[in-house]
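Proteins get letters first, then strands, A, B, ... in listed order; numbering begins at 1 in each.
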There are 2 protein chains.
Amino acid sequence: MNEYAQRIGRLQQKLQAHQLDGMMITQNVDLYYLTGSMQTGYLLVPAEGEPRFYVRRSVARAQEESAAAVEPLGSFRGFGAQLAQTFPQFASGSAVTLAAEFDVLPVQQWQRLQSVLPHVVWKDGSMLIRETRMIKSPREIACIREAARIIDGALENALAGLKPGMTELELMSAVEHYIRLHGHIGVMRLRGYNQEVLTGVIGAGEAVARPTYFDGPAGGQGLGPAVPQSASRRPIERNEPILIDIGCCIDGYVIDQTRTAVIGDLPDDLRQAYDVSEAIIRSVESMLKPGTLCEQLYLHSLVMAQEAGLGDHYMGFGDDQVKFLGHGIGLEVDELPVLAKGFRYPLEPGMVIAIEPKFTFPGRGVVGIENSYAVTDTGFEKLTVSREGLIQL
Amino acid sequence: MNEYAQRIGRLQQKLQAHQLDGMMITQNVDLYYLTGSMQTGYLLVPAEGEPRFYVRRSVARAQEESAAAVEPLGSFRGFGAQLAQTFPQFASGSAVTLAAEFDVLPVQQWQRLQSVLPHVVWKDGSMLIRETRMIKSPREIACIREAARIIDGALENALAGLKPGMTELELMSAVEHYIRLHGHIGVMRLRGYNQEVLTGVIGAGEAVARPTYFDGPAGGQGLGPAVPQSASRRPIERNEPILIDIGCCIDGYVIDQTRTAVIGDLPDDLRQAYDVSEAIIRSVESMLKPGTLCEQLYLHSLVMAQEAGLGDHYMGFGDDQVKFLGHGIGLEVDELPVLAKGFRYPLEPGMVIAIEPKFTFPGRGVVGIENSYAVTDTGFEKLTVSREGLIQL
């Protein structure tokens with residue numbers, strides 16, 4: 001069975017378990033995941049039987065790429081009749097229960113679907129597709145491994161050019177130029193509404209410790225209110241922590257990693273905090289195996305941060321602390337599982353998770369480390385290949 | 001009256017005209033437009049009176065930046081009670097009619113709002129905010145002018161390094177590196193569901209003439225099915241058209257322009273098609289003044305393309321032709337007005353429009369030109385400053 005058939009099959013198991021008749025997939029990333037093609041259209045996955053990809057544009061390219069059968073989407077008004085030709089459920093006139101990606105589907109698009117498919121009862125299927133995507137195949141993990149190799153090259157290349165007085169933006173630009181030339185697709189995809197991720201956050205000193213809207217432990221100052229995150233134009237000085245939280249997207253798959261650097265040396269307390277972040281990640285690694293509950297990883301790390309006297313600085317500061325230790329990565333940067341309280345998924349082979357213990361010191365900077373891991377049958381594979389330890393230049 | 005008060009005032013006029021009690025703004029770009037801050041939260045704009053920005057994160061940064069009054073968002077369950085404190089409509093228990101951005105708001109977020117605000121009757125307000133944003137202020141136009149200056153520098157810099165055998169991706173990377181160092185925010189924002197725009201499309205010969213899902217006349221081949229648009233790894237050869245459709249985003253505002261280049265010379269028919277694209281843009285310029293209906297610009301250009309015997313090649317080829325000549329730009333790349341049949345907006349001072357007549361030759365390439373213009377009281381200002389004419393290297 002090919003990879004796409006396996007993915008469809010796993011989604012179908014969930015549809016059956018929830019007594020749904022099928023799922024209407026509309027989002028570009030989910031379409032790509034399930035068909036191998038990101039063309040515009042609707043993929044109907046019945047709870048049993050073959051899916052069909054109704055493509056508006058480009059039919060020609062979808063036919064080249066898609067593992068699912070492609071049909072040109074006719075007039076949208078006639079979509080119901082078109083579905084009835086291939087799915088008997090739609091011909092009977094009785095109710096059909098379909099899931100859709102309510103976490104990303106805009107209300108306007110949903111209302112249009114409702115108007116042309118009046119017999120459909122709609123349910124939120126966001127978690128079904130997100131849980132399907134949570135378990136990666138060897139081929140997907142290979143893509144992330146390749147992204148990890150490229151981001152390491154970008155890091156070393158950027159570090160080689162780093163000098164005092166260089167701005168955060170200049171350092172970020174060096175990373176971005178390297179990854180793009182090495183195949184970064186030009187965008188880091190994110191699922192959450194209104195969330196944007198550039199190619200990460202590079203920031204030093206007080207700038208990177210500023211509170212942000214960004215749903216992460218360190219968002220950065222940014223270039224201004226129109227992009228209130230990531231690198232600023234602030235020059236990087238000696239003896240302040242430089243947070244290098246970067247990623248790239250190769251063949252659709254992202255990597256996410258963080259290293260902390262300094263030109264010169266760090267004050268003792270920041271150096272100690274960095275050491276705690278490494279101690280946390282080592283300790284969490286020992287728990288990274290099938291069966292561990294995701295929330296345990298976060299709660300364990302929180303205790304370690306508190307025992308080190310750094311609870312107030314852990315994963316942000318004060319009101320702006322975030323309450324997680326890491327997140328799944330794959331086609332998007334904010335995948336399942338989330339390592340946070342209440343996420344009681346047991347770890348499973350094939351999960352890929354970025355783990356990022358960090359400490360924020362207002363006015364002074366952020367220190368920490370982030371590695372990405374694949375959970376294996378017996379433990380984990382560390383996908384991140386960059387050198388660890390505080391990087392002193 | 002300051003700029004933000006004017007923007008709110010114009011939206012309020014529309015709310016009143018549609019007999020709405022207010023609008024709940026949720027999207028990051030709309031929040032930035034109306035408050036000057038892109039922090040996460042909800043902006044309630046009543047049809048009359050002062051708006052309030054209920055901020056989840058970061059309250060501190062919103063307080064620094066927002067022109068609207070900021071209140072920390074309490075528990076989401078208590079959002080109704082919080083609104084009632086400041087808006088008497090919510091205290092009475094009778095129905096309140098609010099617009100929301102149904103074109104971008106995900107169903108899940110909407111359902112959460114419905115559950116905590118059960119007395120609200122929701123209406124689609126997408127066009128109200130999009131029409132408000134359609135008319136730019138002098139300050140907004142100044143941002144786009146600055147973006148135009150930077151993209152011209154990027155173009156000249158990239159052309160200076162262009163050699164046969166260079167890949168599309170390498171040429172694109174040169175543009176991207178230049179604009180980023182000059183303040184490009186790192187993302188080009190787009191409103192349409194599933195649509196992505198990188199920093200444009202650079203493509204040569206057959207690669208750029210391939211059909212794509214992208215809602216534009218030339219999407220490009222891309223690096224693979226995971227990013228089926230824009231630059232590919234194909235080397236650029238002599239005597240083939242190189243489409244350089246690029247943009248950048250400075251202080252939140254985008255520019256969009258296209259130039260056609262060739263190393264050597266073009267075959268006569270492609271050169272003639274390029275000349276027709278310039279003739280179209282010159283002719284359309286003569287109609288660019290207040291009062292002209294948007295669709296007239298497209299229909300006029302279509303007649304010119306057909307009279308030149310190039311109707312089949314205009315704005316894509318065959319099934320993959322798009323039916324517009326241009327689009328508004330501003331904080332997003334796909335703003336109003338659209339220059340397409342059925343868009344009967346009369347041009348108004350303050351509209352900013354990218355106009356992009358292009359011709360696609362399957363297997364051979366795409367030629368054309370794109371300039372961005374501000375409509376003025378008496379005509380237009382061309383914001384694009386790059387040299388025109390086929391660029392021969």
Qualifying residue, where the test is side-chain hydrogen bond (donor to acceptor under 3.5 Å, both in side chains) with A:E335 and the options are A:R130, A:R191, A:R133: A:R133
A:D30 (side chain) donor-acceptor with A:I25 (main chain) under 3.5 angstrom: no
Mutual orientation of the aromatic rings belonging to B:W110 and A:W110 [parallel < 30°, tilted 30-60°, perpendicular > 60°]: perpendicular
Most contacts with chain A, counted as non-hydrogen pairs under 4.5 angstrom, among B:E101, B:Q111, B:E170: B:Q111
Heavy-atom pair count under 4.5 Å with chain A, highest-scoring of B:A62, B:G183, B:S58: B:S58
Test item: B:K136 side-chain N/O and B:I329 main-chain N/O as donor-acceptor pair under 3.5 Å: yes
Heavy-atom pair count under 4.5 Å with chain A, highest-scoring of B:T40, B:L31, B:T167, B:V55: B:T40
Least distance between heavy atoms, B:A154 atom then B:I179 atom: CB-CG2, 3.6 Å
Non-neighbouring partners of B:F317 that pass ring pair (Phe, Tyr, Trp, His ring centres under 6.0 Å), sequence neighbours left out: B:H313
Leading residue by heavy atom contact count with chain A [cutoff under 4.5 Å; candidates B:Q229, B:M172, B:E64]: B:E64
Contact residues of residues 245-254 of chain B (partner chain A; heavy-atom separation under 4.5 angstrom): B:D251, B:G252
Most contacts with chain B, counted as non-hydrogen pairs under 4.5 angstrom, among A:D103, A:L223, A:V29: A:D103
Any donor-acceptor pair under 3.5 Å from B:S126 side chain to B:F102 backbone: yes
Value rounded to 0.5 Å, distance of CG in B:L43 from CG in B:L34: 6.0 Å
Salt bridge (Lys or Arg N to Asp or Glu O under 4.0 Å) assessment of B:E206 paired with B:R210: CA-CA 7 Å; B:E206 28 121 32; B:R210 295 201 62 202; over 6 Å; no
Chain A contacts, top residue of B:V59, B:L105, B:D124 (heavy-atom pairs, under 4.5 Å): B:L105
Polar side-chain atom of A:R189 near backbone of A:L331 as donor-acceptor pair, under 3.5 Å: no
Most chain B-contacting option - heavy-atom pairs closer than 4.5 Å, from A:A60, A:A226, A:S230, A:G36: A:A226
Part of B:D320 lying under 4.5 Å from any heavy atom of chain A: both
Chain B contact via A:Q27 - which portion, at a heavy-atom distance below 4.5 Å: both
Greatest number of heavy atom pairs closer than 4.5 Å to chain A - which of B:M38, B:R61, B:Q39: B:R61
For chain B, the option from A:A231, A:G224, A:P228 that forms the most heavy-atom pairs under 4.5 Å: A:P228
Pair B:D215-A:R56, salt bridge (Lys or Arg N to Asp or Glu O under 4.0 Å): steps then yes or no: CA-CA 11 Å; B:D215 190 17; A:R56 187 188 303 281; over 6 Å; no
